[in-house]
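Structure, as structure tokens:
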Amino acid sequence: MTQHVLWALAAFAFVTSITPGPNNLMLMASGANFGLRRTLPHMFGVALGFGAMVVVLGLGLDRIIAQSPLLAQALKWVSLAYVIWLAARIARSGAPEAGGPARRPMGFLAACAFQWVNPKAWMMALGALSAYSAGAGGVAGVALVFVLVNLPSVAVWAAMGQGLQGFLQSPVRLRVFNLTMAGLLVLSMLPVITH
């Protein structure tokens, strides 16, 4: 892997990992509702799940999906339905109530699995593989760079959410925040719907 390709891939990974998308919006909501420590499994699931997705796609799954428009359409609609379901969960969440059912943030395995229905993750993985795998040490090189860049990038979003916890002590403000995050999550799917 040349230094030039490494820096270009790292820049691509940083820009695509730090910008808003379904993962980052959910991490910000999780940080605000549960704090950074309880959001760690979600963060690691995003980073490692995405790395695993890059590897599996790079080993040939991307070509299988590209050859099946029906499968690609099915993935699109499953992704949309799942993101809408997650947005509804965020919209309905609120401050933990004494004696109420325990709320939990998204766990490691759920965050890993979410990468497969996250359209932004697909765009990132396919774009990186097509542009950088030849010069970045192959599929494994691309996956490793993404994991190393993605984890601190997603941590920024969870930390921003935690930073809002003091402001969100008001049930009204927390409700508005959660509704806003849910709406933004659904809006992040517009490119999928219109494409």
Side-chain angles (χ1 to χ4, degrees), residues 1-32 36 39-66 72 75-76 79-80 82-83 86 106 108 110-164 180-181 184-195:
M1 177 183 321
T2 67
Q3 191 173 21
H4 172 73
V5 172
L6 175 63
W7 284 111
L9 173 57
F12 179 82
F14 175 73
V15 169
T16 55
S17 295
I18 198 77
T19 52
N23 279 322
N24 291 337
L25 294 171
M26 290 188 323
L27 283 163
M28 187 175 192
S30 184
L36 189 59
T39 302
L40 285 173
H42 186 168
M43 290 168 29
F44 280 102
V46 168
L48 297 174
F50 181 77
M53 179 183 180
V54 168
V55 170
V56 172
L57 287 173
L59 293 176
L61 183 60
D62 60 336
R63 290 182 290 282
I64 292 170
I65 293 169
L75 283 170
K76 170 182 163 177
S79 298
L80 178 63
Y82 188 66
V83 167
L86 286 172
M106 181 178 275
F108 176 80
C112 286
F114 178 70
Q115 303 320 298
W116 290 96
V117 295
N118 179 354
K120 183 181 177 190
W122 280 88
M123 180 279 305
M124 291 165 57
L126 295 173
L129 286 167
S130 64
Y132 299 106
S133 63
V139 172
V142 172
L144 179 61
V145 168
F146 259 99
V147 168
L148 294 174
V149 171
N150 189 268
L151 188 57
S153 298
V154 298
V156 167
W157 285 85
M160 285 191 303
Q162 179 174 299
L164 291 171
T180 301
M181 289 293 102
L184 289 172
L185 185 57
V186 171
L187 284 175
S188 74
M189 296 298 290
L190 277 179
V192 175
I193 298 167
T194 59
H195 179 60

**CG-CE distance between Leu184 and Met181, expressed to the nearest 0.5 angstrom** = 5.0 Å
**Prompt:** How many angstroms lie between atom CE of Met43 and atom CG of Leu48, to the nearest 0.5 angstrom?
**Reply:** 11.0 Å
**Prompt:** With under 30° as parallel and over 60° as perpendicular, where do the rings of Phe12 and Phe146 fit, or are they tilted in between?
**Reply:** perpendicular
Please report the closest heavy-atom contact between [X] and [Y], naming both atoms and the distance.
X: Ala143; Y: Val55; value: CB-CG2, 3.7 Å
X: Pro22; Y: Lys120; value: CD-CB, 4.2 Å
X: Gly58; Y: Leu129; value: N-CD1, 3.6 Å
X: Leu9; Y: Gly141; value: CD2-O, 4.3 Å
X: Val54; Y: Ala125; value: CG2-CB, 3.9 Å
X: Asn150; Y: Ala47; value: OD1-CA, 3.4 Å

**Asked** Is the closest side-chain heavy-atom distance between Phe50 and Val154 below 4.5 Å?
**Response** no
**Request:** For residues Met124 and Asn118, determine if any side-chain heavy atom of one lies less than 4.5 Å from a side-chain heavy atom of the other.
**Result:**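 A side-chain contact is absent here, since even the closest heavy-atom pair is not under 4.5 Å.
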**Prompt:** What residues, two or more places apart in sequence or in another chain, satisfy side chain to side chain contact (heavy atoms under 4.5 Å, CB included) together with Ile18?
**Reply:**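 Ile18 satisfies side chain to side chain contact (heavy atoms under 4.5 Å, CB included) with Phe14, Ser153, Val156, Trp157 once adjacent residues are dropped.
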**Request:** Report the residues that fulfil side chain to side chain contact (heavy atoms under 4.5 Å, CB included) with Phe44, sequence neighbours left out, ordered by chain and then residue number.
**Result:** Leu40, Phe108, Leu151
Can you give me every donor-acceptor pair (side chain of residues 23-31, partner residue at least two apart or in another chain, under 3.5 Å) with its distance?
| from | atom 1 | to | atom 2 | distance (Å) |
| --- | --- | --- | --- | --- |
| Asn23 | OD1 | Gln115 | NE2 | 3.2 |
| Asn23 | ND2 | Gln115 | OE1 | 2.8 |
| Asn24 | ND2 | Ser17 | O | 2.9 |
| Asn24 | ND2 | Thr19 | O | 2.7 |
| Ser30 | OG | Thr39 | OG1 | 2.8 |

